[in-house]
Amino acid sequence: VRRQASAFGVFLLSRAFRASLALQFLESFHSNSNFSPSDIMSRYRGRFAPSPTGRLHRGSLVAAMGSWLDARAHDGVWLVRIEDVDPPRDIPGAAEDILRVLARLGLASDEPVVWQSTRDDAYEKALDRLREKGLLYGCACSRKEILARDAELGLPAGVYPGTCRNGTGGRPARALRFRLPDRTLGFTDRLCGHFEQNLPLEAGDVVMKRADGLWAYQLACIVDDVASGVTDVVRGADLLDNTPRQIALIEALDAPVPRYLHLPLVLNDRKEKLSKQQGAVPLDETNLLGELEFAWTHLGFAPLGADSIPAFWRAAVPLWRERFAKEADHG
Ligand code: GLU
């Protein structure tokens, strides 16, 4: 079915396709099942999407833990996706190391791990779709030009000022940008509450393909969330202010918008967010249980004092459910 579908059809169909499989499956059990097809079609699907730019640290563990617990608390599916679309930043062996440590923590993807480096066709098709809708344009601006224009217009540094929206004036295009709608876009985060941005003034048209020819994080992340049928995004609060532009992209791709839960960041002594790229201290593998307790208390829970990793997870799931999964909004 997938191979014969038209270019973008493949991408859009995946969710509907799975739903129809679920439906067929359910119909065969219909007479003696308590589930209705809508239970499965709206079944929770979450993900953890590390970039292989270094080893797992306490900040990444918070995101892995939150996304895994939230999936388990909703009886949902948890996926791992390796965001290896940035070879200059990726570190050889880092992805395998991340998966190894996740396995030691008892965290394994419920479906085959998605490697973004294998997903060029899907990203290409999404670009075609945006192009057909008139939502993609070539941009000739250098970073220096963007910053200079931002200063002139009083825009925050780095917000694309729209210079090439109506053409590059004959200059060669360097990057491809997604044309954001001229409006304020808001959403309700499950932890942070209402968050909104004026897209042109606070985000600016988003790069989809970079000047160096690489896929931009924003495109790859959204195309894969949509293709995997992700219903719930649980990740660090550093991405909260990326969410409105990501929702605009999801809407442009005619896909359903997931729910969001942005978790408090772990900061270092200098009050900076831990970052793999900047060499944050990796998890202490001689004391992974201690690392789990650290992440857990960072999320505002009382220490569990579990005596093993499996016991830790067994104790954590019901507490997470009580705090974050009371709302019966999934089915
Ligand atoms: N790959 C991103 C990171 O490692 C996370 C992307 C996401 O969760 O949307 O920070």
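Counting starts at 1 for both ligands and their atoms, following the listed order.
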Sorted by first residue and then second, give each side chain to side chain donor-acceptor pair (under 3.5 Å) pair with at least one member in residues 77-103; sequence neighbours left out. Arg55-Asp97, Ser67-Trp78, Arg81-Glu83, Arg81-Asp225, Glu83-Gln116, Asp84-Ser117, Asp86-Arg210, Asp97-Arg100, Arg100-Glu285
Tell me the side chain to side chain donor-acceptor pair (under 3.5 Å) pairs involving residues 298-319, sequence neighbours left out? none
Kindly write out the residues that satisfy ring pair (Phe, Tyr, Trp, His ring centres under 6.0 Å) with Tyr123, not counting sequence neighbours, or none if the list is empty. Trp215
Sole candidate of Ile222, Leu185, Val206 that passes side chain to side chain contact (heavy atoms under 4.5 Å, CB included) when paired with Gln246: Ile222
Those protein residues which place at least one heavy atom below 4.0 Å from ligand 1: Arg47, Ala49, Pro50, Ser51, Glu83, Tyr217, Cys221, Arg235, Leu239, Lys276
Over-ring placement of Arg165 relative to Tyr137, 6.0 Å and 45° cut-offs: no
So how far is it from Asp128 CG to Leu136 CG, rounded to the nearest 0.5 Å? 9.0 Å
